[in-house]
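The block underneath contains the structure these notes are about, expressed in structure tokens.
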Amino acid sequence: MSIDPTLLDDLEWRGLIAHSTDLDALREALTEGSVRFYVGFDPTAPSLHMGNLVQIVTARRLQDAGHTPYALVGGATGMIGDPRDSGERTLNTLDTVKDWVERVRRQIEPFLSFEGDNAATMVNNYDWTASLSTIDFLRDIGKHFPVNRMLARDVVKSRLEAGISYTEFSYVLLQSMDFLNLYRDHGVTLQFGGSDQWGNLTGGVELIRRADGGKAHAFATPLVTKSDGTKYGKTEGGALWLDPEMMSPYAFYQFWLNVEDEKVGELLRIFSFQSRAEIEEIEAQHAEKPFLRVGQRALAEQVTTLVHGAEETAQAIAAAEALFGGGDLTGLSTATLGAALREAGSTTVDGDEPLPSVVDLLVLSGLAKSKGDARRTVSEGGAYLNNARVEDPDQVPGPDDLIGGSWLVLRRGKKNFAGVEVR
RNA sequence: GGCAGGUUGCCCGAGCGGCCAAUGGGAACGGACUGUAAAUCCGUCGGUGUAUACCUUCGAAGGUUCGAAUCCUUCACCUGCCA
């Protein structure tokens with residue numbers, strides 16, 4: 001595998017480097033040969049999310065450019081918990097962490113190549129942390145961490161008032177130790193992570209210098225936020241999960257399709273594997289005629305393909321076209337409509353029973369969280385049956401409403417669809 | 001261990017015996033305008049076929065009272081000061 005010398009320029013252009021240690025030194029290292037680098041993922045949930053995806057695509061870019069990935073799953077650090085502003089974490093049980101470690105590992109693997117000269121390696125920091133004695137830890141690692149410096153970190157400072165346990169306070173030592181171990185055992189000299197990880201990243205670089213007199217590098221990717229600075233991922237139902245069980249490919253596709261205009265370019269640069277020229281072309285088209293949503297379409301298609309594959313993406317697109325297409329749903333074939341609705345989310349109702357009212361259907365389909373919510377939605381004019389606004393909350397769909405003899409299309413607001421299959 | 005303060009709905013935060021399903025802000029949701037965008041404006045935001053009603057909710061469990069998120073007791077957790 002040959003080394004791509006333009007890698008760092010590309011990363012910078014994509015805005016993927018928010019902070020870094022000596023950039024010139026890193027540039028030199030990245031052009032000299034295949035750099036062994038690592039990026040860690042803590043199992044804090046059963047699935048990775050959009051924030052992790054930034055790291056994943058960045059790792060892939062580095063591997064594509066000839067460098068050698070070590071993907072770390074935090075079996076140990078996941079049991080401790082990285083301090084965050086919102087307060088002390090609740091510790092998860094060992095079984096939970098073990099389960100999540102496996103899930104996270106399986107989620108990462110498809111994004112990297114495990115073949116060739118620069119094949120990726122999966123590691124788990126539990127392997128070198130679990131058996132470590134407290135005495136060794138305090139002597140060999142703890143000695144290199146001045147508490148006054150640790151206290152100065154922003155996360156820690158922000159937590160001093162509300163409280164922070166020794167457990168979370170010590171987190172940086174564990175992550176730094178990971179870097180040191182990978183440096184010693186595998187020659188890993190670069191770590192990157194999200195910008196909230198910056199303190200942990202530099203902790204490792206410094207530990208390698210203090211303990212071994214070694215030279216290592218680190219950079220942080222930016223935190224992806226909405227244009228008003230708040231976090232993404234708080235869409236309906238929570239974070240933007242990569243696991244199709246937790247977020248359907250349709251919902252995933254819809255998220256990207258609905259990205260704000262101002263963010264399209266930034267997100268394309270971060271997540272798309274298209275070249276600079278191609279992305280700039282899309283941005284130009286988008287700037288000229290934003291209402292065509294060329295940027296969003298490209299972004300949604302590419303990211304969904306990356307995460308869920310071409311087939312799921314094609315179905316998500318087909319579903320979107322069917323549901324948002326013309327408005328006349330009756331013109332669609334049952335097969336097309338059924339596929340679209342299953343993609344968007346659907347429930348089944350027994351055709352031998354009398355059909356439930358629209359209000360009940362809204363609750364059954366999950367579009368409303370209670371009957372009151374459903375009634376409210378109807379009275380606000382936000383409920384639709386087969387693309388026609390529902391005026392009467394007690395309306396009961398009749399046989400004539402069944403598209404293709406078996407489907408009802410419920411909608412809440414402009415873009416929340418759910419199917420009801422009657423059989 | 002002692003003293004003081006705190007624990008309220010998705011989040012932040014008022015309320016400190018009845019007028020409290022609980023002020024306000026944010027998030028979220030719906031409508032209008034659009035382009036399945038943003039901004040803006042309007043509305044909604046515990047549950048119940050809608051009710052001067054009932055049920056669940058103000059850290060947990062008891063108690064006082066005609067009546068408690070509000071008072072008392074115990075417990076748990078958090079913060080500060082003192083030991």
Side-chain angles (χ1 to χ4, degrees), chain A residues 83-91 158-168 225-240 250-268 282-283 285-301 304 316-327 329 340 343-345 354 356-363 365-384 387 389-396 409-418:
Chain A
R84 53 180 175 182
D85 289 339
S86 51
E88 191 78 14
R89 292 173 191 264
T90 310
L91 290 177
S158 73
R159 287 280 300 278
L160 285 180
E161 188 76 5
I164 179 169
S165 67
Y166 186 76
T167 306
E168 288 193 3
T225 58
K226 294 201 235 183
S227 47
D228 63 5
T230 59
K231 273 191 188 174
Y232 263 122
K234 292 291 173 194
T235 56
E236 314 94 78
L240 196 74
Y250 170 81
F252 189 81
Y253 177 86
Q254 285 293 318
F255 168 82
W256 297 99
L257 192 67
N258 281 302
V259 152
E260 309 135 89
D261 287 347
E262 309 89 282
K263 293 303 255 189
V264 166
E266 179 186 330
L267 292 172
L268 271 171
I282 292 172
E283 286 189 72
Q285 285 181 27
H286 185 265
E288 199 181 329
K289 294 183 175 174
F291 54 90
L292 291 180
R293 304 155 68 84
V294 173
Q296 279 95 337
R297 286 179 207 283
L299 182 67
E301 180 177 351
T304 310
I317 293 174
E321 278 172 3
L323 296 175
F324 289 96
L329 296 163
E343 189 76 15
S357 69
V358 170
V359 161
D360 290 328
L361 286 170
L362 283 168
V363 176
S365 66
L367 286 179
K369 60 177 195 272
S370 69
K371 286 187 184 181
D373 190 22
R375 285 172 187 284
R376 229 175 273 134
T377 304
V378 171
S379 67
E380 287 170 342
Y384 304 80
N387 276 355
R389 179 173 281 174
V390 176
E391 307 289 349
D392 174 13
D394 297 318
Q395 179 183 338
V396 176
V409 180
L410 288 170
R411 192 173 105 217
R412 174 177 182 165
K414 207 184 306 188
K415 47 196 177 190
N416 296 304
F417 285 94

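A, B, ... follow the sequence lines: proteins, then strands. Residue 1 opens every chain.
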Write down the partner of [N] under the Watson-Crick or G-U wobble criteria, each distance required to be under 3.5 Å.
N	answer
G62(B)	C72(B)
U52(B)	none
U40(B)	A32(B)
G9(B)	none
C19(B)	none
G1(B)	C82(B)

Rounded to whole Å, how long is the line connecting atom [atom1] of [X] with atom [atom2] of [N]?
X	N	atom1	atom2	result
Arg297(A)	G35(B)	CZ	P	13 Å
His286(A)	A38(B)	NE2	P	12 Å
Gln254(A)	A37(B)	CD	P	10 Å
Ile282(A)	A37(B)	CD1	P	20 Å
Lys369(A)	G30(B)	NZ	P	11 Å
Asp392(A)	U50(B)	CG	C1'	15 Å
Leu257(A)	G35(B)	CG	P	15 Å
Leu362(A)	G49(B)	CG	P	14 Å

*Interatomic distance, Glu260(A) atom CD to Gln296(A) atom CD [nearest 0.5 angstrom]*: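 Here the rounded value is 9.5 Å.
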
When the [atom1] atoms of [M] and [N] are compared, how many Å lie between them, rounded to an integer?
N	M	atom1	result
G31(B)	G80(B)	P	48 Å
C58(B)	G13(B)	C1'	13 Å
C82(B)	U74(B)	C1'	25 Å
A28(B)	A37(B)	P	14 Å
C3(B)	A14(B)	C1'	27 Å
U70(B)	U7(B)	C1'	14 Å
C78(B)	A60(B)	C1'	15 Å
C55(B)	A39(B)	C1'	42 Å

*Considering heavy-atom distances to RNA chain B, does Gly382(A) or Arg293(A) have its closest nucleotide positioned more toward the 5' end?*
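Nearer the 5' end of the strand: Gly382(A).
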
_Whichever of Asp261(A) and Asp394(A) has its nearest RNA chain B nucleotide further upstream toward 5'_ =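 Between the two, 5'-proximity favours Asp261(A).
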
*Between Lys415(A) and G30(B), is there a side-chain N or O to OP1/OP2 distance below 4.0 Å?*
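Checking Lys415(A) against G30(B): no side-chain N or O falls below 4.0 Å of OP1 or OP2.
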
With the side chain of [X] defined as its heavy atoms from C-beta on, choose the nearest nucleotide among [options].
X	options	result
Glu380(A)	A38(B), G30(B), C29(B)	G30(B)
Gln296(A)	C29(B), G35(B), A38(B)	G35(B)
Tyr384(A)	G35(B), G31(B), G47(B)	G31(B)

*Stepwise, does the side chain to side chain contact (heavy atoms under 4.5 Å, CB included) test hold for Lys415(A) with Leu257(A)?*
CA-CA 12 Å; Lys415(A) 47 196 177 190; Leu257(A) 192 67; over 6 Å; no

Under 4.0 Å, counting only non-hydrogen atoms across every strand here, what does [X] touch: a base, just sugar-phosphate, or nothing?
X	result
Phe417(A)	nothing
Arg389(A)	sugar-phosphate
Ala383(A)	nothing

*Positions of residues 371-378 of chain A (non-hydrogen atom under 4.0 Å from RNA chain B), listed by number*: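 Nucleic-acid contacts, sorted: Lys371(A), Gly372(A), Arg375(A), Arg376(A).
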
Taking every non-hydrogen atom, the tightest pair across [X] and [Y]:
X	Y	answer
Ile282(A)	Leu268(A)	CG2-CD1, 3.8 Å
Arg412(A)	Ala368(A)	NH1-CA, 3.8 Å
Leu323(A)	Phe417(A)	O-CZ, 3.5 Å
Val294(A)	His286(A)	N-CD2, 4.1 Å

*Checking side chain to side chain contact (heavy atoms under 4.5 Å, CB included) against Gln395(A), which of Val378(A), Val390(A), Val359(A) comes through?*
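For Gln395(A), the side chain to side chain contact (heavy atoms under 4.5 Å, CB included) test succeeds with only one of Val378(A), Val390(A), Val359(A), which is Val390(A).
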
